[in-house]
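A short worksheet on the structure shown next.
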Number of protein chains: 2
Amino acid sequence: MTSSERRGPYICGIDAAMDVVSGKWKSLILWELDNYGTRRFGELKRGLPGVSEKMLIQHLREMEQDGLVHREVYREVPPKVEYSLTEHGRSLNEALGPLGEWGQRRAERLAAEAPTVSP
Amino acid sequence: MTSSERRGPYICGIDAAMDVVSGKWKSLILWELDNYGTRRFGELKRGLPGVSEKMLIQHLREMEQDGLVHREVYREVPPKVEYSLTEHGRSLNEALGPLGEWGQRRAERLAAEAPTVSP
DNA sequence: TTCAATACTTACCTTGAGGTAAGTATTGAA
DNA sequence: TTCAATACTTACCTCAAGGTAAGTATTGAA
């Protein structure tokens with residue numbers, strides 16, 4: 001497995017949480033799954049413009065391993081796999097709430113301060 | 001400047017917050033400054049075992065630029081520089097609270113599940 | 001037998017975050 | 001004049017995260 005050794009000894013709670021949420025697309029995957037409840041691989045891919053299949057599957061696998069995401073395979077043709085959040089995934093998303101609000105306020109502040117880029 | 005182009009257009013609040021907090025030592029710097037109120041460069045360095053001077057100063061500069069950290073220079077010999085959190089830095093730290101608690105719970109859960117590594 | 005549709009998988013490459021270690025700047029004291 | 005003490009600064013290197021693009025697996029329908 002490429003995405004190996006994690007769950008290291010953590011120096012604080014933030015550290016432990018970051019270990020699980022750091023990764024370019026993870027917080028967005030979390031949001032998509034929380035928002036839609038259940039999403040297929042292809043739906044997630046379309047919902048995250050710019051993500052590569054490699055990174056999407058890699059992040060999903062890590063999140064599954066970390067107990068955040070549930071993976072349900074339907075033995076059909078064509079193949080169908082549904083992803084959803086576990087209880088841990090949902091609680092993580094909740095814990096990210098205040099951070100998201102802070103970021104929202106920051107973005108608004110930046111937009112207000114923004115010097116108009118006039119050529 | 002090496003640590004350039006940030007403040008990109010964000011796709012959500014988490015994204016905006018992560019832009020500011022991602023960096024190996026940033027959440028720890030945040031914690032140290034929140035905990036002590038004011039810290040000198042050398043004190044921070046000693047408080048973050050393993051950090052390199054290059055990364056410490058780079059992170060501090062970025063956080064100053066992002067309005068999280070205040071830098072106060074005392075024209076003395078030997079030189080003395082004190083770092084502290086701004087209001088934004090303090091509110092970010094608050095917003096990180098729930099995430100830290102989540103991580104704490106996760107760490108406890110992992111410790112409970114941990115298979116004893118017996119040689 | 002070939003194709004369609006979906007979900008991966010693999011090999012290879014690029015980029016940037018972060019580390020290492022040595023050097024610079026400042027100036028009062030000895 | 002040299003040194004001590006602190007806060008950087010710079011050049012160079014390593015490694016892993018992430019991107020690209022092509023290939024594989026599955027199986028019912030035509």
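All heavy atoms count here, side chains included; hydrogens, waters and symmetry mates do not. The sequence lines fix the lettering, A, B, ..., with proteins before strands; numbering per chain opens at 1.
Taking a pair to require two hydrogen-bonding distances under 3.5 Å in either a Watson-Crick or a G-U wobble arrangement, C:dT24 pairs with D:dA7. Across the strands present, D:dA17 finds its partner in C:dT14; the criterion is a Watson-Crick or G-U wobble pair with both atom distances under 3.5 angstrom. Base-pair partner of C:dA29: D:dT2 (Watson-Crick or G-U wobble, both distances under 3.5 Å).
The residues B:Glu62 and B:Lys26 are annotated as salt-bridged, a charged nitrogen and a carboxylate oxygen being separated by less than 4.0 angstrom. Under the 4.0 Å criterion applied to side-chain N and carboxylate O atoms, A:Glu82 and A:Arg71 are not assigned as salt-bridge partners.
Counting only distance, with no hydrogens or angles, the side chain of B:Glu43 and the backbone of B:Arg40 share a donor-acceptor pair below 3.5 Å.
The side chain of B:Ser52 has C:dT20 as its nearest neighbour among D:dA5, C:dT20, D:dT26. Listed nucleotides: D:dT6, C:dG19, C:dA7. Nearest to the side chain of B:Pro79: D:dT6.
In this model, the phosphate group of D:dT9 is approached by a side-chain N or O of B:Arg61 to a distance below 4.0 Å at OP1 or OP2. Not one side-chain nitrogen or oxygen of B:Arg75 sits closer than 4.0 Å to the OP1 or OP2 atom of D:dT6. Applying the 4.0 Å criterion to OP1 and OP2 of C:dC8, one finds that A:Tyr83 has a side-chain N or O inside that range. At the phosphate of D:dT6, neither OP1 nor OP2 sits under 4.0 Å from any side-chain N or O atom of B:Arg40. Checking the phosphate oxygens (OP1, OP2) of D:dT6, no side-chain nitrogen or oxygen of B:Arg46 falls inside 4.0 Å. Phosphate contact (OP1/OP2 of C:dA17, side-chain N/O of B:His59, threshold under 4.0 Å): absent.
Per the geometry, NZ belonging to A:Lys54 stands 16 Å off C1' belonging to D:dG23, to the nearest Å. Rounded to an integer number of Å, the gap from OH of B:Tyr74 to C1' of D:dC8 is 18 Å. The separation between B:Gln58 atom CD and C:dG19 atom P is 10 Å, rounded to whole Å. Nucleotide C:dA5 holds its P atom 14 Å from the NZ atom of A:Lys45, rounded to whole Å.
Both B:Phe41 and B:Trp25 are members of a single hydrophobic cluster when ILVMFWY side chains are connected at heavy-atom separations under 4.5 Å. No continuous path of ILVMFWY side-chain contacts below 4.5 Å connects A:Tyr36 to A:Leu48, so the two sit in separate hydrophobic clusters.
Comparing A:Met55 and B:Leu60 by the nucleotide of DNA chain D whose heavy atom lies nearest to each, the residue mapping closer to the 5' end is B:Leu60. Comparing A:Ile57 and A:Val77, the nucleotide of DNA chain C nearest to each residue sits closer to the 5' end for A:Val77. Nearest-nucleotide positions on DNA chain D for A:Glu53 and A:Glu76 put A:Glu53 closer to the 5' end.
Residue side chain B:Lys24 does not reach the base of C:dG18 through any donor-acceptor N/O pair under 3.5 Å, judged by distance alone.
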